[in-house]
Amino acid sequence: MPQFSGIGTTSNFKAWVDLFERTAAACRVRDEERVSVLNVYLTGPAYQVFKQLPSESKRTFAGVKAALLARFCSPEQKRSRGER
């Protein structure tokens, strides 16, 4: 599983997090453990965003995923989700 930094041409967080979720499921990582495991695979700007999240947001994988999607989602992906 590659790390995600949010830099360069491999910064498609949607594709990366889909791979992370499939990998976590295959490795039988429980939902309550996914935030801790995700933390290991973030680097650079993505890790900085994670570190700056309020502790309440870090309690669930869904909360962390939503915050990272908001920051690292491409403009095309935001438009397809109805965001600006």
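- With sequence neighbours excluded, no residue forms a side chain to side chain donor-acceptor pair (under 3.5 Å) with Gln48.
- Annotation: the span from Glu56 atom CD to Arg59 atom CZ amounts to 5.5 Å, rounded to 0.5 Å.
- In this structure, Lys51 NZ and Leu42 CG are separated by 12.0 Å, a value rounded to the nearest 0.5 Å.
- For the atom pair Met1 CE and Thr23 OG1, the distance stands at 5.0 Å (nearest 0.5 Å).
- In this view, Arg28 satisfies the salt bridge (charged side-chain N to carboxylate O under 4.0 Å, His left out) rule with no residue, not counting sequence neighbours.
- Nearest approach of Ala46 to Leu68, heavy atoms of both residues: O-CD2, 3.9 Å.
- Here the shortest heavy-atom pairing between Lys58 and Val64 reads CA-CG2, 3.7 Å.
- Once rounded to the nearest 0.5 Å, the distance linking CD of Glu21 with CZ of Arg34 reads 6.5 Å.
- When atom types are taken as modelled, the side chain of Gln3 and the backbone of Val40 share a donor-acceptor pair closer than 3.5 angstrom.
- In terms of the ring pair (Phe, Tyr, Trp, His ring centres under 6.0 Å) criterion, residue partners of Phe61 (sequence neighbours excluded) are, by chain and number, Phe20.
- Using a 4.5 Å heavy-atom cutoff, the side chains of Trp16 and Pro2 are in contact.
- Of all heavy-atom pairs spanning Arg71 and Val49, the tightest one is CG-CG2, 3.8 Å.
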Handout entry: Pair Phe72-Phe4, side-chain contact (heavy atoms from CB on, under 4.5 Å): steps then yes or no
Key = CA-CA 10 Å; Phe72 295 105; Phe4 180 79; 3.9 Å; yes
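- Here the NZ-CG distance, from Lys14 to Leu19, works out to 12.0 Å after rounding to the nearest 0.5 Å.
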